[in-house]
Amino acid sequence: MKNLRLNEFVFIGIIGATVFILGYILLPFMQMMALPESRGVIVAPVYGTAVTLVLYKTQKKGVISLLGFLIGMMLSMFSIIML
């Protein structure tokens with residue numbers, strides 16, 4: 001992560017914010033699912049696309065960890081259990 005440039009950090013932040021917003025928009029659809037285990041099926045394409053975009057754009061080590069940490073910190077605002 002030493003050689004990441006500022007525009008790559010900004011891109012990772014934008015992708016993280018987009019995933020967060022899309023997850024919030026998809027929340028009503030996830031609540032309609034009968035089985036709680038199947039709720040991940042709705043958001044899996046969003047997260048998968050975000051990871052693929054970040055990997056394709058930056059192609060450097062540590063970007064997935066940075067994206068995961070960013071999304072985890074945003075999601076931790078909703079649940080103390082996640083901290």
Side-chain angles (χ1 to χ4, degrees):
M1 266 188 358
K2 221 186 270 190
N3 52 3
L4 285 175
R5 296 182 309 200
L6 180 63
N7 61 348
E8 293 167 340
F9 278 112
V10 170
F11 180 72
I12 292 170
I14 289 172
I15 292 294
T18 304
V19 167
F20 183 72
I21 291 169
L22 286 175
Y24 186 74
I25 291 171
L26 292 173
L27 187 64
F29 298 111
M30 289 187 293
Q31 291 174 344
M32 287 189 291
M33 299 295 281
L35 297 172
E37 303 87 30
S38 60
R39 292 178 184 172
V41 173
I42 293 177
V43 294
V46 174
Y47 291 138
T49 304
V51 167
T52 304
L53 282 174
V54 168
L55 275 177
Y56 182 74
K57 173 86 169 148
T58 57
Q59 297 181 356
K60 294 182 181 172
K61 291 183 180 180
V63 293
I64 299 303
S65 299
L66 186 62
L67 180 66
F69 179 75
L70 179 67
I71 292 172
M73 289 305 293
M74 287 190 284
L75 290 176
S76 70
M77 292 185 295
F78 296 114
S79 176
I80 295 178
I81 297 170
M82 295 176 123
L83 292 175

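Computed over heavy atoms, backbone and side chain alike; hydrogens, waters and symmetry mates excluded. Because the structure is a prediction, the values reported are computed rather than measured.
Test Leu53, Leu70, Ile71 against Ile15 for side chain to side chain contact (heavy atoms under 4.5 Å, CB included) and you get one pass: Leu53. Only one option out of Ile64, Val54, Asn7 pairs with Ile12 in a side chain to side chain contact (heavy atoms under 4.5 Å, CB included); it is Val54.
Rounding to the nearest 0.5 angstrom, the gap separating the OG1 atom in Thr49 from the OH atom in Tyr56 is 14.5 Å. Expressed to the nearest 0.5 Å, how far OG1 of Thr52 lies from NZ of Lys57 amounts to 15.5 Å.
Residues Val19 and Phe29 fall within the same hydrophobic cluster, defined by Ile, Leu, Val, Met, Phe, Trp and Tyr side chains chained together at heavy-atom separations under 4.5 Å. One hydrophobic cluster, built from ILVMFWY side chains closer than 4.5 Å, cannot hold both Phe9 and Ile14; they sit in different ones. Connection of Val41 to Leu35 is not established within any shared hydrophobic cluster, with ILVMFWY side chains joined at heavy-atom distances below 4.5 Å, either directly or through further cluster members. The same ILVMFWY cluster, assembled from side-chain heavy atoms under 4.5 Å apart, contains both Met32 and Val43.
A distance-only check finds no donor-acceptor pair linking the side chain of Lys60 to the backbone of Leu4 [under 3.5 Å]. Judged by distance alone, with hydrogens and angles left aside, the side-chain atoms of Glu8 form a donor-acceptor pair with the main-chain N or O of Arg5 at under 3.5 Å.
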